[in-house]
Amino acid sequence: MGISYDASVPSPADKLVVERLRVRKGKNAILNGVSLTVRGGEILALIGPAGSGKTTFLRCLNRLIDLEPELAVEGRLRLDGLDVYGEGVDVPSLRRRIGMVFAVPNPLPMSIRDNLTLGLRILGAAAAGPPSERIERSLKAAYLWDEVKDRLDDSALKLSGGQQQRLCLARSLMAGPELLLLDEPCSGLDPISTAKIEEALQGLKSRISVVLVTNNVKQASRCSDRTAFLLMGDLVEMGETGLIFTNPQNRRTADYVSGRFG
Ligand SMILES: Nc1ncnc2c1ncn2[C@@H]1O[C@H](COP(=O)(O)OP(=O)(O)OP(=O)(O)O)[C@@H](O)[C@H]1O
Ligand SMILES: [Mg+2]
């Protein structure tokens with residue numbers, strides 16, 4: 001199967017340009033040459049059935065995939081012109097620019113405050129203002145500030161699941177990322193917690209580009225600007241979210257977004 005959609009023609013508005021991204025283990029392809037762009041200030045939803053390569057795609061963007069040396073990565077990724085796989089790229093500084101939130105909230109067993117500042121200390125991010133200001137800004141952006149402002153020294157593990165996930169979102173914002181990757185961030189959350197995360201993303205997108213992997217097509221249609229549909233490692237179709245949901249060009253996209261398969 002070849003590429004059936006090519007959105008790689010870059011424009012100045014693009015934050016990230018992905019060209020012919022191919023990931024394989026031996027002869028087995030996991031991604032078959034995916035080309036797409038992520039624009040500045042947009043939420044791009046990435047949808048597709050289990051095993052289609054969504055998580056693998058995200059892990060390539062911030063080079064978490066480096067942790068799996070059995071996987072071969074080919075193609076070209078550029079973040080504001082920086083060749084992500086170029087020689088001499090400083091991976092910690094790349095990961096300061098590209099934040100990530102996972103499906104299962106993963107706060108560390110320490111205070112809320114320490115959860116927020118630990119990553120900064122490890123990454124050695126240059127301080128933009130005192131930590132307390134950053135903490136407040138990140139928690140406000142993650143819609144969590146009012147709920148935790150009087151208990152920053154309590155254990156993060158005492159928070160509810162939905163609060164823990166918003167803490168993880170706040171943590172990912174501490175280093176001031178330009179691109180935020182979210183891998184099914186609401187899959188274990190109730191509708192109210194989900195709505196808070198979605199609102200937070202709307203507030204963030206003016207300054208941060210977001211790639212939102214979701215197994216919930218309704219979530220993609222509610223909160224993304226563009227949607228990409230991945231199937232078995234192929235990018236089948238990508239476009240403005242309204243069009244993908246009302247007038248998809250590909251039969252497989254139509255079937256998936258209408259719930260006829262997947
Ligand atoms: N390290 C690996 N070694 C071998 N195969 C892998 C590895 N990582 C991922 N895969 C395979 O690649 C395919 C895509 O996996 P991936 O986790 O990216 O899918 P996904 O779209 O995120 O699925 P889900 O919706 O279930 O999270 C799967 O068939 C998976 O088994
Ligand atoms: Mg996944």
Side-chain angles (χ1 to χ4, degrees), residues 1-5 7 16 18-36 38 43-75 77 84-85 91 95 98-106 161 164-165 168-169 172 179-189 194 197-198 201 210-224 226-239 241 244-245 248 250 252-262:
M1 248 193 295
I3 305 163
S4 37
Y5 181 85
L16 178 79
V18 178
E19 291 172 295
R20 294 178 297 280
L21 177 63
R22 177 183 292 275
V23 176
R24 59 187 168 76
K25 184 177 184 190
K27 284 182 186 152
N28 290 335
I30 298 173
L31 292 175
N32 291 316
V34 170
S35 298
L36 59 77
V38 183
I43 299 178
L44 171 66
L46 188 56
I47 59 172
S52 54
K54 305 180 298 295
T55 296
T56 303
F57 179 83
L58 287 190
R59 291 169 63 84
C60 289
L61 306 189
N62 62 356
R63 292 190 47 175
L64 268 189
I65 200 99
D66 292 6
L67 303 174
E68 294 169 86
E70 75 276 17
L71 300 183
V73 179
E74 294 153 27
L77 276 70
V84 169
Y85 285 82
V91 175
R95 292 191 189 143
I98 307 182
M100 190 160 184
V101 176
F102 300 87
V104 179
N106 56 356
Q164 287 187 11
Q165 191 62 314
C168 293
L169 176 60
S172 75
L179 176 64
L180 188 59
L181 313 176
L182 302 117
D183 195 354
E184 302 188 12
C186 303
S187 58
L189 304 186
T194 298
I197 300 254
E198 291 180 4
L201 297 182
V210 175
V211 182
L212 172 66
V213 165
T214 176
N215 53 8
N216 177 344
V217 291
K218 290 209 176 87
Q219 178 169 60
S221 77
R222 269 198 305 272
C223 62
S224 69
R226 292 192 299 162
T227 296
F229 173 49
L230 207 57
L231 182 63
M232 303 287 285
D234 283 311
L235 181 61
V236 173
E237 186 169 353
M238 174 170 170
T241 293
I244 292 286
F245 282 88
N250 190 292
R252 293 173 297 171
T253 313
D255 285 349
Y256 187 74
V257 300
S258 65
R260 279 195 290 274
F261 85 81

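Sequence positions, counted from 1, serve as the residue numbers for this chain. Counting starts at 1 for both ligands and their atoms, following the listed order.
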Item to complete: Check whether any side-chain heavy atom of Leu44 lies under 4.5 Å from a side-chain heavy atom of Met238, and answer yes or no.
Response: yes
Counting from 1 in the order shown, the ligand 1 atoms closer than 4.0 Å to a non-hydrogen atom of Glu184 are 25 (O), 27 (O)
With a 3.5 Å distance limit and no angle check, can you tell me whether Thr214 reaches the backbone of Ala220 through a side-chain donor-acceptor pair?
no
_Assess the residue pair Leu235 and Ser35 against the criterion (side chain to side chain contact (heavy atoms under 4.5 Å, CB included)); give the C-alpha distance rounded to whole Å, side-chain angles, the decisive distance to 0.1 Å, and a yes or no._
CA-CA 8 Å; Leu235 181 61; Ser35 298; 6.0 Å; no
heavy-atom search around atom 3 (N) of ligand 1 in the protein gives Lys25 CD, 3.5 Å
Ranked by distance from atom 5 (N) of ligand 1, the top protein heavy atom is Ile30 CD1, 3.8 Å
Atom 26 (O) of ligand 1: of Gly53, Ser52, Ser187, Ala50, the nearest heavy atom sits on Ala50
Is there a donor-acceptor pair closer than 3.5 Å between any side-chain N or O of Asp234 and the backbone N or O of Val236? no
A student comparing Glu68, Arg24, Lys54 should find that the heavy atom closest to atom 1 (N) of ligand 1 comes from Glu68
Of all protein heavy atoms, the one nearest atom 23 (O) of ligand 1 is Gly51 N, 2.8 Å
A student checking ligand 1 against Thr55 at a 4.0 Å heavy-atom cut-off should list atoms 17 (O), 18 (O), 20 (P), 22 (O), 27 (O)
Would atom 13 (C) of ligand 1 count as contacted, meaning some protein heavy atom under 4.0 Å? yes
- request: Compute the minimum heavy-atom distance from Arg59 to ligand 1 and say whether it is under 4.0 Å.
  value: no
With respect to the Mg ion (ligand 2), please indicate if Thr56 possesses an N, O or S atom at a distance under 2.8 Å. no
Any heavy atom of Leu71 under 4.0 Å from ligand 1? The part involved is side chain
If you compare Leu67, Val213, Thr56 by their heavy atoms, the one closest to atom 9 (C) of ligand 1 turns out to be Thr56
Note to self: Do Glu68 and Val23 have side chains that approach each other closer than 4.5 Å (heavy atoms only, starting at C-beta)?
What the structure shows: no
Does Phe229 reach the side chain of Val217, with side-chain heavy atoms less than 4.5 Å apart?
-> no
query = Got a salt bridge between Glu74 and Arg24, using NZ or NE/NH1/NH2 to carboxylate O under 4.0 Å?
reply = yes
Given the options Leu181, Leu182, Leu58, Ile47, Val213 meets side-chain contact (heavy atoms from CB on, under 4.5 Å) only with Leu58
